[in-house]
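A quick write-up on the structure given underneath.
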Amino acid sequence: PFGVMVTPIKAIPGMPLLPYSPVGCQGCKALLNPYCRVDYHGKIWICPFCQQRNQFPQNYSDISEHSMPAELFPTYTSVEYQVGLKVPGRPPAPPAFLFVLDTCLTQEELQGLKDSLRQVLTLLPETALVGLISFGTNVSVHEIGYSECPKAYVFRGDTATSSDKLQDILGIGGSGRPAGKQQPRGIPNAPSGQPALGPAGSGGPGQGRFLLPVSECEFAMESAIEDLTVNNFTREPDHRMERATGAAVSVAVGLLECCCAGTPARLMLVTGGPCTRGPGQVVSSSMEEAIRSHKDLENSSTKFFNKALKFYSQLGQRLTLNSHVLDIYACALDQVGLAEMRPVVEATGGLMVMAETTSSHNFRTSLQKLLDRDAQGHLTMAFEGVLEVHMTKEIKVSGAIGPVSTLDQRGAAVAETEVGVGGTTAWKMCSLDERTSVALYYEVINQHSNQMPAGQIFTLQFVTRYQHGSGEQRIRVTTAARRWADPANPNDLVSGFDQEAAAVLMARQAAYKVDYEDSFDVLRWLDRTLIRITSRFGDYEKEKPSTFRIHDAFNLFPQFIFHLRRSQFLQVFNNSPDETAFFRLMLSREGVMGSLVMVQPTLVSYSFEGPAPALLDVSSICADRILLLDTYFVVVIFHGTTIAQWKKAGYQDQAEHEHFRTLLQAPKSDAEMLMKDRLPVPRLVECDQNGSQARFLLAKLNPSSTHNTQSANSQEIIFTDDVSLEVFMEHLAKLSVNT
């Protein structure tokens, strides 16, 4: 088996944008690409996947060897087509943003949330639809289109409201608004009984009342947000707040189903604690009961987990049906139930952010960065994506791991063995951006009994259809060709090995497997895979570990696996189920470089001589150095003891110590550069050697010097029983030469 990391709509400099529709094969539906054989005289092209002969359409009648369309250029293996609007002659439906806000917060937290949302409203396109739902013990749907006074419909928080009942109560079903009710804004003189439509009559019922363009309701929306108050139900002593998160999400899903069926929409949930009431409950309100831990999950002693997981999975199916997205902003020091809600976020391609409070920098900045725009002023986010794969007959697709859901497009190209979301050659991606990546896994048919001829070409194609931020439909086509290697020639195999991509593919599969299998079995699977690789491609004498040398093309792969084995993706010690769910979700959507940083963080050392890369080892800690650690989720600036003492003495504020001031500023500037393009925005931690927050650095370093095995080259030790990279490599060499 082999895998491919695909970033469907990654920005590629020089990639052509073609203002016409692609040409497809009549047999397998693959699209025209540089690897097709073309008969320019007969105007025929042969598909490299199914060998079907296809006639070029009429608009290609002038092509020749000297006048080729861009998609046939050998240098354009990736092209993008502008295929116009989803419904010709009809303006594209603007995206909808439905804010679902928790009011079971302190007054300070609620005020911080209001400030953040007011700023977000200024970043949204004027045509974007916005709506508001607030929840505490019960759920309130705010009718921002009612101009006479603030108006909201209140739903019970202890039960799930069906879509039909929701439409009936809100008056947005087939019968339109309730008789005798206020005329919805945006539809002057609309006849009684007509559905309440949005701009140009293009929206579903409820647009014009509960979802309106920003340009029409900015004042009403700001007023509704400002009028929010802390949940007014009294909390009993030694009890948690009665929080109906599940009921609120259920109501929001039903509202979007009615108002934005088949059009892009994001449900943006901001919560400050766990759901303690109604559907989706993760813990009881009594403080005597602790929220579930990893030990509870392992022992199957959770009271609410399975029921909540099933509830949110069903909501995820409803959201993906309409290509709607769920984003979760968890602003709390304790768990809020992300482990239960992870399936719906992953299936819809949503964003998950963990912050301590609603005033945290990473919460506010992540909320704003989600709404970034390109040079033309369009949102960088894309909607309604479909990823489809085509391959030559010797290959079958096993599945995909990433922010995808299956489209059940079965056929001869589907492998029997499933990896991740399998059983299909097409997946839905409700939301994606330039960073969104998918890991695809393939298997070769009869590779043992029927060897492929060495040097023969095989081809893979990735077709992504999506709605661009401008509202137009686009198709990105990427085609790759590789040749079969000679299994008897190790050097031939080595030349095609990408150890960084292989490490990320292994990490994704391991993180996926550990959700369904025992973690010990997953670690054994990783170990066996690594031993097979090193024993096959290592250079050694049988049963002599001292002679073991690994090929240069694999020299980093063992240490990637070493750091993966002790990472937060496979080890749950000192992490809550919510944190583990967040880490694994982010690993499943980030590209190769970002995922490598998650698995094996980067470390830079700063001194008066300038910055320099440092080993991810405890020996890199020096009293007169500053270390910058990037774990992707947290960026740590670590001051050695001498640097910390100088800083405490205020030397950086003295004119004669300008070089020291420059030294202190250098890692801060680099940290800002690292954080600038991340979403969600990582947390920044500044700490000193021997300080309490130094644990963020020590937990990621190779423990070459511990309380049991102190090294003379190290100024610091780590109190741990974990083996070091050196011991790991010694054991790997022993096992490899004896296999």
Side-chain angles (χ1 to χ4, degrees), residues 499-500 502-504 507 530 534 548-569 571 592-644 663 666-667 670-671 673-674 682 685-691 693-733:
Q499 56 186 334
E500 287 87 1
V504 175
L530 178 59
T534 53
F548 179 79
R549 299 291 183 275
I550 195 165
H551 195 283
D552 289 344
F554 297 84
N555 60 352
L556 297 177
F557 190 71
Q559 72 183 48
F560 286 145
I561 300 301
F562 168 76
H563 288 289
L564 175 62
R565 293 177 86 261
R566 61 195 302 264
S567 70
Q568 67 270 38
F569 306 112
Q571 304 292 341
V592 172
M593 298 311 299
S595 298
L596 285 177
V597 173
M598 295 181 193
V599 173
Q600 181 176 319
T602 60
L603 190 66
V604 180
S605 175
Y606 295 81
S607 65
F608 288 109
E609 286 75 31
L615 291 174
L616 194 64
D617 191 281
V618 66
S619 62
S620 296
I621 295 178
C622 297
D624 59 347
R625 296 286 192 275
I626 301 176
L627 297 178
L628 176 64
L629 177 76
D630 178 17
T631 71
Y632 191 90
F633 305 105
V634 179
V635 176
V636 182
I637 299 176
F638 177 91
H639 303 108
T641 51
T642 303
I643 298 290
L663 175 63
D670 290 347
M673 291 296 295
L674 289 172
V685 174
E686 291 191 55
C687 60
D688 299 331
Q689 188 174 355
N690 301 322
Q693 290 193 313
R695 66 186 187 276
F696 286 101
L697 173 70
L698 297 178
K700 296 297 181 182
L701 298 180
N702 172 42
S704 60
S705 179
T706 69
H707 59 291
N708 294 322
T709 58
Q710 187 166 357
S711 171
N713 298 326
S714 178
Q715 299 181 16
E716 183 69 87
I717 63 171
I718 298 178
F719 292 91
T720 180
D721 292 326
D722 289 351
V723 299
S724 65
L725 177 60
E726 183 181 5
V727 174
F728 178 80
M729 292 301 295
E730 289 174 357
H731 282 78
L732 179 62

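Just so it is clear, the values below take in all heavy atoms, side chains as well, and ignore hydrogens, waters and symmetry mates. For the single chain, residues carry numbers from 1 onward in sequence order.
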Of the non-hydrogen atoms in [X] and [Y], which two are nearest, and what is the gap between them?
X: Phe557; Y: Gln499; value: N-OE1, 3.1 Å
X: Thr641; Y: Ala623; value: OG1-CB, 3.2 Å
X: Ala614; Y: Ser620; value: CB-OG, 3.9 Å
X: Val634; Y: Val636; value: CG1-CG2, 3.7 Å
X: Ser605; Y: Arg625; value: OG-CD, 3.4 Å

Close side-chain approach of [X] and [Y], heavy atoms under 4.5 Å:
X: Leu701; Y: Leu616; answer: yes
X: Leu628; Y: Ile637; answer: yes
X: Ile643; Y: Tyr606; answer: no
X: Pro558; Y: Met729; answer: yes
X: Ile626; Y: Leu663; answer: yes
X: Leu697; Y: Leu627; answer: yes
X: Asp624; Y: Phe608; answer: no

Working to the nearest 0.5 angstrom, can you tell me the gap between [X] [atom1] and [Y] [atom2]?
X: Asp722; Y: Thr706; atom1: CG; atom2: OG1; answer: 9.5 Å
X: Asn702; Y: Phe728; atom1: CG; atom2: CZ; answer: 11.0 Å
X: Phe638; Y: Leu603; atom1: CZ; atom2: CG; answer: 10.0 Å
X: Ser595; Y: Phe560; atom1: OG; atom2: CZ; answer: 11.5 Å
X: Phe562; Y: Glu726; atom1: CZ; atom2: CD; answer: 11.0 Å
X: Tyr632; Y: Leu674; atom1: OH; atom2: CG; answer: 11.5 Å

Please confirm whether the backbone N or O of [Y] pairs with a side-chain atom of [X], one donor and one acceptor, at under 3.5 Å?
X: Gln693; Y: Asp688; answer: no
X: Gln600; Y: His563; answer: no
X: His639; Y: Gln689; answer: no

* Asked: Yes or no on side-chain hydrogen bond (donor to acceptor under 3.5 Å, both in side chains) for Ser607 and Glu609, after CA distance, side-chain angles and deciding distance?
  -> CA-CA 5 Å; Ser607 65; Glu609 286 75 31; 3.0 Å; yes
* Structure fact -> Across all chains, not counting sequence neighbours, the side-chain hydrogen bond (donor to acceptor under 3.5 Å, both in side chains) partners of Thr534 are Ser736
* Asked: Can you name the one residue among Leu564, Leu596, Val599 that meets side-chain contact (heavy atoms from CB on, under 4.5 Å) with Val504?
  -> Leu596
* Before giving the answer on side chain to side chain contact (heavy atoms under 4.5 Å, CB included), spell out for Leu698 and Ile621 the whole-Å C-alpha distance, their side-chain angles and the decisive distance to 0.1 Å. => CA-CA 10 Å; Leu698 297 178; Ile621 295 178; 3.7 Å; yes
